[in-house]
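What follows is a short report on a single structure.
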Number of protein chains: 2
Amino acid sequence: MSTAEESAGAEAQPWGEVTPDAARRLLLAAVEAFAERGYHATTTRDIAGRAGMSPAALYIHYKTKEELLHRISRIGHQKAVEILRTAARAEGSPGERLAEAVSSFVRWHAGGRTTARVVQYELDSLGPDARAEILGLRRQVDAEVRGIIEEGVRSGEFDVIDVQGTTLAVLSLCIDVARWFNVDGPRTPEEVGALYADLVLRMVGARGAGPAQR
Amino acid sequence: MSTAEESAGAEAQPWGEVTPDAARRLLLAAVEAFAERGYHATTTRDIAGRAGMSPAALYIHYKTKEELLHRISRIGHQKAVEILRTAARAEGSPGERLAEAVSSFVRWHAGGRTTARVVQYELDSLGPDARAEILGLRRQVDAEVRGIIEEGVRSGEFDVIDVQGTTLAVLSLCIDVARWFNVDGPRTPEEVGALYADLVLRMVGARGAGPAQR
DNA sequence: GGGCGCGCTAAGCGAGCGCTCACCCTTGCC
DNA sequence: GGCAAGGGTGAGCGCTCGCTTAGCGCGCCC
């Protein structure tokens with residue numbers, strides 16, 4: 001599996017596990033291109049060009065253009081699950097863990113916006129088999145967040161009627177960051193993460209949430 | 001055909017203003033196709049086929065494939081502005097108007113998911129001029145929601161630190177409904193609208209929000 | 001009732017697509 | 001030095017794309 005050099009917040013080398021160096025450069029170029037123009041509008045010539053290689057070089061490392069997207073999507077989703085799982089299994093109250101889950105998840109979507117865009121918005125471009133595999137990872141993402149919220153409800157710290165609907169809304173809020181976040185905009189990923197953590201605590205009716213209590 | 005799906009959202013005649021009948025049929029076919037596969041993955045032959053016409057017929061009513069997207073995007077954004085403006089200018093407290101704005105906006109995204117998908121996610125497929133025009137409409141959307149929140153803050157009914165950031169989050173939450181909503185899923189557009197209105201009132205710290213008080 | 005214009009189609013153009021293939025370099029092992 | 005192996009390239013295949021053009025049928029006005 002992955003090396004244990006993981007620390008919260010900092011993605012050291014996101015694509016370090018892609019082993020032949022040329023394959024990693026191609027994958028990185030594909031992430032950029034897919035995020036910028038979308039999967040279908042990206043040509044294999046464009047990907048190879050960004051990686052400084054000829055169009056044919058792509059097919060030495062990947063069978064098809066779709067395999068590139070599949071690999072990107074799988075690695076990205078695994079990273080998402082890992083981020084949420086780390087926050088969910090940390091110590092602290094459900095409110096603290098939910099805040100940490102949301103803020104780190106948002107930081108990932110804002111800071112690695114190119115990757116997150118591909119991961120979250122190009123799912124439909126995958127074939128049926130690949131999509132089915134990725135949907136399994138998405139269910140894990142949902143389960144981690146739902147778990148924290150359920151715990152908070154059980155302990156009385158949260159006040160939520162529709163747990164599944166609220167889980168969906170929380171994830172939806174985080175994921176949509178990848179659509180609108182602008183690196184040149186006025187907010188840093190950290191600021192958005194903090195704002196969103198506060199908003200989510202309010203959504204679940206966490207005792208002590210909001211600025212009025214300070 | 002699929003015109004029946006529009007009835008749930010109570011949109012009377014969504015594309016009534018598109019005047020030559022064949023042009024409207026082509027536009028409707030394009031909305032379906034763009035929503036299903038994305039703009040770049042949709043062929044002009046597919047659009048014409050869905051409308052029951054030959055590929056060349058498209059170019060009698062539209063100069064290019066992009067003009068179709070532009071028209072759809074403009075009409076859709078105008079509808080979005082209209083929905084929010086109606087709610088913003090209604091009578092009632094800021095909380096009541098914000099709840100109505102969110103629930104009707106969400107109902108539109110869920111009930112007319114095909115249209116909303118194209119409107120919200122295919123903006124980047126437009127050329128620079130068309131995109132600039134649409135971005136103007138988006139600023140109006142933002143201004144309507146921000147206006148309600150500012151009013152609630154001024155009157156003391158809401159408790160919000162970052163008005164612009166919260167506005168962004170509220171709109172983001174509504175818009176992302178178009179990504180995940182499933183017509184065959186367990187929730188109706190009305191249910192999602194009601195849930196989201198409640199969540200948003202909690203986000204702005206509205207006095208009296210949340211189920212505990214009900 | 002003949003000419004005209006409108007809405008539409010069949011056929012096809014040039015371009016660019018995903019992908020393949022024959023061949024060329026380097027590298028490392030004997 | 002001989003040579004196999006594998007990463008890389010230039011050229012190009014078959015195909016489909018967005019879009020164009022020549023022409024057809026038919027309602028309408030004089």
Side-chain angles (χ1 to χ4, degrees), chain A residues 15-73 118 122-131, chain B residues 1 15 17-73 118 122-131:
Chain A
W15 305 103
E17 66 246 64
V18 185
T19 35
D21 180 75
R24 181 171 50 248
R25 277 189 295 135
L26 283 165
L27 199 114
L28 212 58
V31 169
E32 264 183 43
F34 291 162
E36 230 171 72
R37 307 139 103 96
Y39 175 77
H40 287 293
T42 298
T43 70
T44 54
R45 284 163 177 82
D46 183 22
I47 297 170
R50 285 175 194 246
M53 303 166 97
S54 76
L58 198 152
Y59 294 91
I60 296 165
H61 300 284
Y62 301 97
K63 228 176 59 179
T64 62
K65 176 178 145 186
E66 194 197 320
E67 193 192 323
L68 263 168
L69 178 61
H70 187 188
R71 283 261 240 278
I72 292 167
S73 196
V118 179
E122 297 293 347
L123 184 66
D124 290 343
S125 303
L126 288 170
D129 293 350
R131 181 158 62 239
Chain B
M1 283 301 171
W15 305 103
E17 65 248 64
V18 185
T19 37
D21 181 74
R24 181 170 51 248
R25 277 190 293 135
L26 282 165
L27 199 114
L28 212 58
V31 170
E32 265 183 44
F34 291 163
E36 231 170 72
R37 308 138 104 95
Y39 174 77
H40 287 293
T42 298
T43 70
T44 54
R45 285 164 176 83
D46 183 21
I47 297 170
R50 286 175 194 245
M53 303 165 98
S54 78
L58 197 153
Y59 293 91
I60 295 163
H61 300 284
Y62 302 96
K63 228 176 60 178
T64 62
K65 175 178 146 185
E66 194 197 320
E67 193 193 323
L68 264 169
L69 178 61
H70 187 187
R71 283 261 241 278
I72 292 167
S73 198
V118 179
E122 297 292 348
L123 183 66
D124 290 342
S125 304
L126 288 170
D129 293 349
R131 181 159 62 238

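Letters A, B, ... mirror the listed sequences (proteins, then strands); counts begin at 1.
Comparing C:dT9, D:dC19, C:dC8 against the side chain of B:T44 picks out D:dC19 as the nearest. Listed candidates were C:dC8, C:dC17, D:dG7. Nearest to the side chain of B:A22 is C:dC8. Candidate nucleotides D:dT9, D:dC19, C:dT20 were compared by shortest atom distance to the side chain of A:Y59, and C:dT20 ranks first. Closest to the side chain of B:M53, out of C:dC8, D:dC19, D:dG10, is C:dC8. Residue B:A56 places its side chain closer to C:dT9 than to any other of D:dG18, C:dT9, D:dG8. Here C:dG12 is the nucleotide among C:dG12, C:dT9, D:dT9 with the atom lying nearest to any side-chain atom of B:R45. Listed nucleotides D:dT9, C:dC19, D:dC19 differ in distance to A:T64; the shortest reach to its side chain belongs to C:dC19.
Spacing between atom CG of A:L58 and atom P of C:dC17 amounts to 14 Å, rounded to whole angstrom units. In this structure, B:H40 atom NE2 and D:dC17 atom C1' are separated by 13 Å, rounded to whole Å. The interatomic distance linking B:R25 (CZ) with C:dC8 (P) rounds to 7 Å, in whole Å. A:E67 has its CD atom 14 Å from the C1' atom of C:dC19, to the nearest Å. Rounded to an integer number of Å, the gap from CD of A:E66 to P of C:dG18 is 13 Å. Put simply, CG on B:D21 is 18 Å from P on C:dC6, counting in whole angstrom units. At whole-Å resolution of the value, CZ in B:R37 and P in D:dC17 are 10 Å apart. Atom CD1 in A:I47 sits about 10 Å away from atom P in C:dC19, given to the nearest Å.
Within the nucleic acid shown, A:T43 comes within 4.0 Å of sugar-phosphate atoms alone, with no base atom in reach, counting heavy atoms only.
Residues B:R71 and B:L27 approach most closely at CB-CD1, 4.0 Å, considering heavy atoms. Contact between A:S73 and A:L126 at its shortest, heavy atoms only, is OG-CD1, 4.2 Å.
Remark: A:H61 is in phosphate contact with D:dG8, judged by side-chain N or O atoms under 4.0 Å from OP1 or OP2.
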- Show your working on salt bridge (charged side-chain N to carboxylate O under 4.0 Å, His left out) between A:D46 and A:R37 and close with a plain yes or no. CA-CA 11 Å; A:D46 183 22; A:R37 307 139 103 96; 3.5 Å; yes
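Under the 3.5 Å distance criterion, with hydrogens and angles disregarded, no donor-acceptor pair is assigned to the side chains of A:T64 and A:E67.
Each of B:K65 and A:I60 lies near DNA chain D, and the nucleotide nearest A:I60 is the one positioned closer to the 5' end.
Remark: B:K65 is not positioned above the aromatic ring of B:F34, lacking an NZ or CZ atom under 6.0 angstrom from the ring centre and at most 45 degrees off the axis.
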